[in-house]
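Sequence lines set the chain letters: A, B, ... in the order given, protein chains first and strands last, and positions in each chain run from 1.
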Protein chains: 2
Amino acid sequence: MVKEIEKDLCDEKCIHPQSICFIKQNMLDESMVYDLSEMFKAISEPSRIKILHALSRRELCVCDLAEALGMNQSAVSHQLRVLRSARLVKFRKEGKEAWYSLDDDHVVTLMCQGIEHISHLKEK
Amino acid sequence: MVKEIEKDLCDEKCIHPQSICFIKQNMLDESMVYDLSEMFKAISEPSRIKILHALSRRELCVCDLAEALGMNQSAVSHQLRVLRSARLVKFRKEGKEAWYSLDDDHVVTLMCQGIEHISHLKEK
DNA sequence: ATAACATATGCTTATATGTTCATATGTTAT
DNA sequence: ATAACATATGAACATATAAGCATATGTTAT
C-alpha cells in the first residue's frame, strides 16, 4: 500500500525513493516559498536593515534617514519604496515631509531574533 | 550639555537634529549589519528555502534533493555550497554520496516564524 | 507666480547571483 | 584498470538589483 503511493510519487531514477516521497509530501507550496523569499529578501539588504532598525526606534523623515545613515536621498527613497511594497513600512505626509514608520512589528521581531542569534554566535 | 553632544554628532544641515542624534547613538555596528544581511540573504532564496525546509525534516543526499525539488544536480550543489559557507548545513560523506543536514536549528526556527507570520497575513 | 525645498522616480551603469553545461574529482563494482 | 556513478566546480550567460544622476511632482513661503 505504501509502496503503491511511493510508486505514484517517485520515478525509477530515485536513489532513495522513501526520502523523496517524504519530501514531496511535506513540501511548502510555491506561494509560501515566494512570500518567504520576498520577506527575507526585504530584510537582507544592509541599507534596508539600517533603515528598519532606525525606524524601530522612532518615526523618521526621509531626509533624516539619509543624513543619519550617510546615504543620499535618492538611495533612501529607492529603498523605502522596496520596504513599502513589502508592506514593512508606512508613511504619512506632513507638508513637504514624508514621515516613515514600521508597518509591521513582527518583521522587526524577526530582525531582533537574528541579532540575538548572531550575538550568540560571536560569543563562542 | 545635551546640546553639546548633539552639536558634536550632527551638522548644521540636519532638519531634525534630535532625531538624527538619536539614530546615530543607537545604530547597529557595521559588522552586525553585515552578518545579519548575510544570514537573511542565505534564507531568502527560493531554492535555498526549499532545501532548508527539506533538510529540516531529515538528512538527505544531493541527488534526492535534486529529484524531489525538481532542480538539477549542479544547481543543488551550488546552493548547498552557499548554505555550507553560511554554516547553515553540514554534510558527511558515505561512499559516493554526500548526506546533508542542518547545522543550525536556530535559523530554521527563524524560517518557521517567517512561515507563521505569512500564514497570519494570508488569513486576513 | 516664483523660488526653495522634500520626496519620488525613470534611466543607466555596475555588480551580484542563479542556472546550465561541461568537466574534474573521488568512489564503488566488475 | 575500467566503467558507472555521485558530487563539486569553473566558465558563460541571463537576470536582478543597488546606487547615482537628472528630473518630475507636490508643498510652503514670499
Reading 5' to 3' through nucleotides 24-30 of chain C, protein heavy-atom contacts under 4.0 Å coded B for base, S for sugar-phosphate only, - for none: --BBS--
Ion pair check, E30(B) and K50(A), cut-off under 4.0 Å: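 Salt bridge flag = yes for K50(A) with E30(B).
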R92(B) bridged to E59(B) by N-O distance under 4.0 Å: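 Here R92(B) pairs with E59(B) in a salt bridge, since their nearest N and O are under 4.0 Å apart.
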Nucleic acid contacts - residues 51-62 of chain A versus DNA chain C, non-hydrogen atoms under 4.0 Å: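 Residues of residues 51-62 of chain A under 4.0 Å from DNA chain C: C61(A), V62(A).
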Quickly work out the [X] [atom1] to [N] [atom2] distance and round it to whole Å.
{"X": "R92(A)", "N": "dA8(C)", "atom1": "CZ", "atom2": "P", "value": "14 Å"}
{"X": "R48(B)", "N": "dT19(C)", "atom1": "CZ", "atom2": "C1'", "value": "13 Å"}
{"X": "E97(B)", "N": "dC5(D)", "atom1": "CD", "atom2": "C1'", "value": "10 Å"}
{"X": "K41(B)", "N": "dA16(C)", "atom1": "NZ", "atom2": "P", "value": "9 Å"}

Runs of at least three consecutive pairs that involve DNA chain C, where pairs are Watson-Crick or G-U with distances under 3.5 Å: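 DNA chain C stems, ordered by first number: C:1-30 with D:1-30.
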Pairs involving residues 96-119 of chain B, ordered by first then second residue, that meet salt bridge (charged side-chain N to carboxylate O under 4.0 Å, His left out) (sequence neighbours left out):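 The answer is none; no pair qualifies.
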Exceeds 12 heavy-atom contacts within 6.0 angstrom, atom CZ of R84(B):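 More than 12 within 6.0 Å, yes.
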Donor-acceptor under 3.5 Å (D64(A) side chain, L60(A) main chain):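 Between the backbone of L60(A) and the side chain of D64(A) there is no qualifying donor-acceptor contact (under 3.5 Å).
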Expected output: side-chain S37(B) to main-chain V33(B) donor-acceptor under 3.5 Å: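 Judged by distance alone, no pair lies under 3.5 Å.
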Closest non-hydrogen atom pair between L102(A) and S56(A), with its separation: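 In terms of heavy atoms, the two residues are closest at CD1-CA, 3.5 Å.
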Q73(B) (side chain) and dA6(D) (base): donor-acceptor pair under 3.5 Å: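 Looking at the base of dA6(D), it does not pair with any donor or acceptor on the side chain of Q73(B) (distance under 3.5 Å).
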Pairs where residues 73-82 of chain B contributes a residue and the test side chain to side chain donor-acceptor pair (under 3.5 Å) is met, not counting sequence neighbours: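 Every side chain to side chain donor-acceptor pair (under 3.5 Å) pair that includes a residue of residues 73-82 of chain B, provided the two are not neighbours, is R48(B)-Q79(B).
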Y100(B) side-chain N/O to dA6(D) phosphate OP1/OP2 under 4.0 Å: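 The answer is no; no side-chain N or O of Y100(B) sits under 4.0 Å from OP1 or OP2.
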Contacting residues from residues 74-86 of chain B, given that a heavy atom lies under 4.0 angstrom of DNA chain D: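 The stretch gives S74(B), S77(B), H78(B), R81(B) as the residues lying under 4.0 Å from the strand, ordered by number.
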